[in-house]
Amino acid sequence: MYKYDAIDQKIVDERVTQYRDQTRRYLAGELSEDEFRPLRLQNGLYIQRHAPMLRIAVPYGMLSSKQLRKLGDIAKKYDKDYGHFSTRQNLQLNWPKLEDTPDILAELATVEMHAIQTSGNCIRNITTDQFAGIAPDEIIDPRAMAEIMRQWSTFHPEFALLPRKFKIAVSGTKDDRAVVQAHDIGMEFYKDAAGKLAIKVWVGGGLGRTPILGSVIREHLEWQHALTYCEAIIRVYNLHGRRDNIYKARIKILVKALGIEEFKRQVEAEWAHLKDAPNTITEAELARVSTYFGVFDYAKLPAYDASFDATVASNPAFAAWVKRCTHAHKIPGYRAVTLSLKPHGKAPGDATSAQMHTVADLAEAYSFGELRVSHEQNLILADVKLSDLFAVWEKARANGLATPNIGLLTDIICCPGGDFCSLANAKSIPIAEAIQMQFDNLDYLHDIGDIELNISGCMNACGHHHVGHIGILGVDKDGSEWYQVSIGGKQGNDASIGAVIGPSFSAEEMPQVVQKLIDVYVKERTPEERFIDTVRRLGIAPFKAHVYARDPAKESATA
Amino acid sequence: MSNLIKFDIENKKASVVENEWQCVELPPSEVAERVQAGKVVLFKLTGENTVTEAQIANTVIPATGKVIVPLSVYAAKKDALAERMDASALGIWLDTHETLESLIAQFDDINRLPIIAIHVARFADGRIFSLGTLLRTRYGYKNELRAFGDVLRDQLFFLKRSGFTSFLIRADRSADEALASLNDFSAPYQGAVDEPKPVFQRYNRA
C-alpha cells in the first residue's frame with residue numbers, strides 16, 4: 001500500500017499543529033461555537049449526543065497491521081476500548097474527549113494516518129472496491145488513482161467550503177462493488193477500444209433524503225484528465241449549488257434542477273479551459289504511485305490444496321465459513337477472507353481494541369501485513385493462502401470474527417443511530433440486534449441466502465437503506481420512534497432504489513415484519529431466485545399484503 | 001490598529017498595513033421580505049436576494065478619496081464615475097452570488113481596476129475561492145484582489161492559494177494573529193493560483 005514520503009508526512013504534521021491551535025483557540029473562547037464547527041468538522045470531529053465523535057480516515061479502506069494496532073491502542077487509551085467501522089470505510093470513535101483530539105491526531109500521524117476531510121462540506125474520503133487489486137474480474141486496480149485523487153483533494157483550496165459534503169468513489173471492475181452510481185462523482189475505470197485506460201464518469205448520485213442514482217456525464221475520459229475534469233464538475237457545483245437549504249445543497253439537486261444535458265454543457269465549457277492544466281496527471285506520477293500497490297511476493301501455488309479440500313469436506317462449520325466468508329483471488333492458491341464484524345446481537349461494524357490487535361496479527365502472519373475495511377463494515381484479509389485458511393478461521397472464531405453470515409440476512413449495514421448520533425430520528429443498532437436474534441439460526445440463514453438488509457436512523461441515510469434489498473429507515477412521528485420499511489433496493493450495476501411498503505412500524509414490530517417479508521419470499525421463490533429477484537418479479541404487493549394482513553387473534557382480543 | 005493584511009507576491013511576505021480604500025455599502029433593502037411558512041422566500045437558485053433600484057439610487061458615494069463601490073452601483077452610474085476610474089481611485093466589489101461575467105462585461109480591460117474586492121457574508125461560503133481562481137486564471141486579472149466580510153484567519157491559506165492578495169479581517173479579530181495562518185502548510189499537493197504546479201511536477205518524488 002501507499003507509503004508516505006517526507007512531503008506527505010509534513011502535511012499531516014502541519015495539520016496536527018494547525019488543528020491543535022484551532023482547538024486551543026476554541027477552548028480559550030477565542031473562537032465561537034459556530035466558528036469552530038466548520039474547522040472541527042473538516043477534521044472529522046462531530047459533537048454528538050453523549051460526547052464528541054471522531055472519524056478517522058482510512059483512505060480507500062486500506063490499512064496496515066501497524067496502523068490497525070495503533071487504532072486499537074487509541075481506542076483503548078482515549079475511548080471505551082472499541083471503535084466503529086463505518087460505511088465510508090472509516091473508523092469512528094464515539095467517546096473521545098474534545099481536548100484529547102489533538103493528541104489523537106498526533107498519534108495517528110506517527111502511523112501515516114489522519115482525520116482530514118472525513119466530515120464537513122468538502123471532498124470526503126475516496127472509496128473503492130474492497131477487493132481492489134485481487135479480484136479476478138478486475139480490469140484495473142483503481143487504488144493508485146484513488147491515492148492520486150486523495151492527494152489532490154487534500155486541502156484543495158478552491159473546494160474547501162462546498163455547499164455540502166462531496167463523495168467520490170472509483171471502481172476498476174465491470175461488477176461495481178464501489179457503488180459508484182450512489183456518489184456525487186463515480187468513476188469506473190476501463191480499457192477502451194485502443195487498449196488505453198479510460199474512465200466512465202457518473203455525477204449526481206447519492207442517498208440521503210433524496211435518493212438518486214447518478215447520471216453518466218462522460219462515457220470516455222482519458223485517465224490523465226481525472227483531476228481537471230473533477231475540478232470542472234466541482235467548480236460548477238461550488239458556484240451554483242444551493243447554499244440556502246442544506247437538504248437541497250448536494251450536487252444531485254443541482255444536476256436535477258439543470259438537467260444532466262445542461263449541467264454537462266456547463267462542465268464541458270469549464271473543462272475546455274482546465275484541460276491540460278498543470279494538475280493533469282503524468283505517466284511518471286501514475287507509475288510512481290502504482291509501484292506501491294499489488295507488489296506482493298506471491299508464492300507459486302497450485303489452484304487446489306488437498307489438505308484444505310479435506311478439511312472442508314470433514315468440517316461443516318469450517319465449510320460454511322469458507323463458503324460465505326472467503327472470496328476468489330486472481331492468484332492461484334490464494335483467497336480473500338472477510339472477518340465478520342456482525343456477530344449476532346452486537347452492533348454491526350464495532351470492533352474492540354483486542355479484536356483490532358488480533359486482526360492486525362492475522363494480517364501480519366497470513367496476509368502481507370495489510371487489510372481492508374469494506375463499506376459493508378467488515379474487515380478483509382485480501383491475500384491468504386488456501387493452506388492457511390484453517391488457521392485463520394480458528395483464530396478468527398476464537399475472537400468472535402468468524403460468524404459465517406457474510407452476504408446473509410444478519411450481515412446488516414447499520415449506522416450508529418439514535419444511541420450515538422445527534423442527527424438520528426430513531427435508534428438503529430437495537431433494531432439490527434433484534435433482527436439478528438430473530439434469525440439466529442445458521443441453517444435457516446443459509447436457506448434464505450443472499451440478501452442485504454440496511455438500516456438508517458434518519459434520512460441522511462448513513463446506513464444506505466435505499467439500496468438495501470430490505471431497507472429500514474428510522475422516522476420521528478410526534479416525538480416517538482417509528483420505522484419505515486422499503487424493499488427492492490439494490491447496489492451494484494443494476495442498482496435500484498427501494499419502494500416503501502406502507503405505514504411505519506414500532507421497534508417491537510420490526511423483527512416480525514422482517515420475518516413476514518422473508519416468509520413471502522420463501523413461499524414464492526423459484527429455486528434459483530434470491531430475495532431481490534423475487535421482489536423484482538412480483539413487485540411489492542404480495543409482501544405488503546402479508547405484512548399488513550390483519551391478525552384475527554389480535555383483533556378479537558382487543559374487540 | 002488596521003485589520004488589513006496584504007500579501008506581497010514578489011517577496012512572498014504578508015504584513016498588516018493601513019487600508020487606503022473606503023468601501024461603499026448598499027443601503028438596506030426596503031422591499032419587505034416575503035415570508036412563507038416562517039421562512040424567508042428567496043428567488044434565485046442559490047438563494048440570495050437581488051439588489052433593488054432603490055438601493056442603487058440611495059447609495060451614498062463619498063465625493064473624494066479612493067472608494068470601492070458595489071458592482072450594481074458601478075453598472076448604473078458608470079458615466080458619473082468615469083473620472084475617478086481614470087484616476088485609479090475606484091475599485092469594485094461584488095457579492096459571492098454575483099457573476100464574474102457581469103463584472104467583466106463592464107470593461108474592455110479588467111486590469112484598469114486597481115482593486116477588486118469580494119464580499120463573503122458567511123465563513124462557510126466557499127464560492128469566493130472559485131471566484132478568485134477564475135479572476136486570476138480565466139480573466140487575467142493582475143491587480144489587488146481583496147476578501148472582506150466574514151473573513152477569519154482559518155480561510156487565509158485557501159484564499160491566498162485562490163489568488164487573493166489582501167484580506168480585511170473581521171473587525172473583532174486581530175489581523176496580527178491571523179498572519180500566521182497564511183503559512184499553515186508549506187508544500188501543498190495540488191496546483192492552484194499561487195503555485196500552479198502540483199507536487200508531482202515540483203519535486204522528483206521517486
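Proteins get letters first, then strands, A, B, ... in listed order; numbering begins at 1 in each. This one's a predicted model, so the numbers in the text were calculated from it and none came from an experiment.
Rounded to the nearest 0.5 Å, atoms OH (Y19(A)) and CG (D154(B)) are 12.0 Å apart. The distance from atom OG1 of T17(A) to atom CZ of F185(B), rounded to the nearest 0.5 Å, is 9.0 Å. L239(A) contributes atom CG, which lies 6.5 Å from atom CG of L134(B) (distance to the nearest 0.5 angstrom).
Looking at R15(A), the atoms closer than 4.5 Å to chain B (heavy atoms on both sides) sit in the backbone and in the side chain alike. Residue E270(A) touches chain B through both its backbone and its side chain, counting heavy-atom pairs closer than 4.5 Å. Within the 4.5 angstrom heavy-atom criterion, only side-chain atoms of Q18(A), from C-beta onward, approach chain B. Looking at R202(B), neither its backbone nor its side chain comes within 4.5 Å of chain A, counting heavy atoms on both sides. With a 4.5 angstrom heavy-atom cutoff, Q22(A) touches chain B only via side-chain atoms. Of the two parts of T291(A), neither the backbone nor the side chain holds a non-hydrogen atom closer than 4.5 Å to a non-hydrogen atom of chain B.
Atom CD of E25(B) is surrounded by 12 or fewer heavy atoms from other residues, nucleotides or ligands within 6.0 Å. Within 6.0 Å of NZ in K78(B) there are more than 12 heavy atoms belonging to other residues, nucleotides or ligands. Within 6.0 Å of atom NZ in K264(A), more than 12 heavy atoms from other residues, nucleotides or ligands are found, so the atom counts as buried in its surroundings. Within 6.0 Å of NZ in K256(A) there are 12 or fewer heavy atoms belonging to other residues, nucleotides or ligands. Under a cut-off of 6.0 angstrom, the local environment of CD in E53(B) is sparse, with at most 12 non-hydrogen atoms contributed by other residues, nucleotides or ligands. Within a 6.0 Å radius of OH in Y247(A), other residues, nucleotides and ligands contribute 12 heavy atoms or fewer.
If you tally non-hydrogen atom pairs under 4.5 Å between each of T133(B), D172(B), V193(B) and chain A, the highest count goes to T133(B). Ranked by heavy-atom pairs under 4.5 Å with chain A, the first of A124(B), A192(B), A187(B), A180(B) is A124(B). Interface summary for chain B: among L274(A), I281(A), L39(A), L162(A), the most heavy-atom pairs under 4.5 angstrom belong to L39(A). Each of D5(A), V289(A), I148(A), L31(A) has some count of heavy-atom pairs under 4.5 Å with chain B, and the biggest count is that of D5(A). Put simply, of Q151(A), R235(A), R288(A), the one with the most heavy-atom pairs under 4.5 Å next to chain B is Q151(A). Heavy-atom pairs under 4.5 Å with chain B were tallied for I11(A), D34(A), D21(A); the largest tally goes to I11(A). Of the residues considered (F157(B), F123(B), Y203(B)), F123(B) shows the highest number of contacts with chain A, using heavy-atom pairs under 4.5 Å.
Looking at heavy atoms from C-beta onward, P198(B) lies out of side-chain contact with W152(A) at the 4.5 angstrom threshold. Two residues are said to be in side-chain contact when any heavy atoms from C-beta on lie closer than 4.5 Å; R25(A) and R153(B) meet this criterion. The side-chain heavy atoms of I7(A) and V199(B), taken from C-beta on, include a pair separated by under 4.5 Å. Residues R122(B) and R243(A) have side chains in contact (heavy-atom distance under 4.5 Å, counting atoms from C-beta outward).
Using a cutoff of 4.0 Å between basic side-chain nitrogens and carboxylate oxygens, E158(A) and R127(B) are not scored as salt-bridged.
With no hydrogens or angles considered, no side-chain donor-acceptor pair links T282(A) and Q201(B) at under 3.5 Å.
Taking all atoms of both residues into account, the shortest heavy-atom contact from F129(B) to A160(A) is CE1-CB, 4.1 Å. Across P278(A) and P196(B), no two heavy atoms sit closer than the pair CB-O, 3.1 Å. For the pair N279(A) and G191(B), the tightest heavy-atom approach, listed with the atom from each and the gap, is OD1-N, 2.9 Å. Heavy-atom minimum distance, Q190(B) versus T154(A): NE2-O, 2.8 Å. The shortest heavy-atom contact between N238(A) and S130(B) is ND2-OG, 2.9 Å.
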Worksheet item: Could you walk me through whether L152(B) and E35(A) pass the side-chain contact (heavy atoms from CB on, under 4.5 Å) check?
Response: CA-CA 9 Å; L152(B) 304 176; E35(A) 288 161 4; 3.8 Å; yes
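Residues Y189(B) and F155(A) keep their aromatic ring centres 6.0 Å or farther apart.
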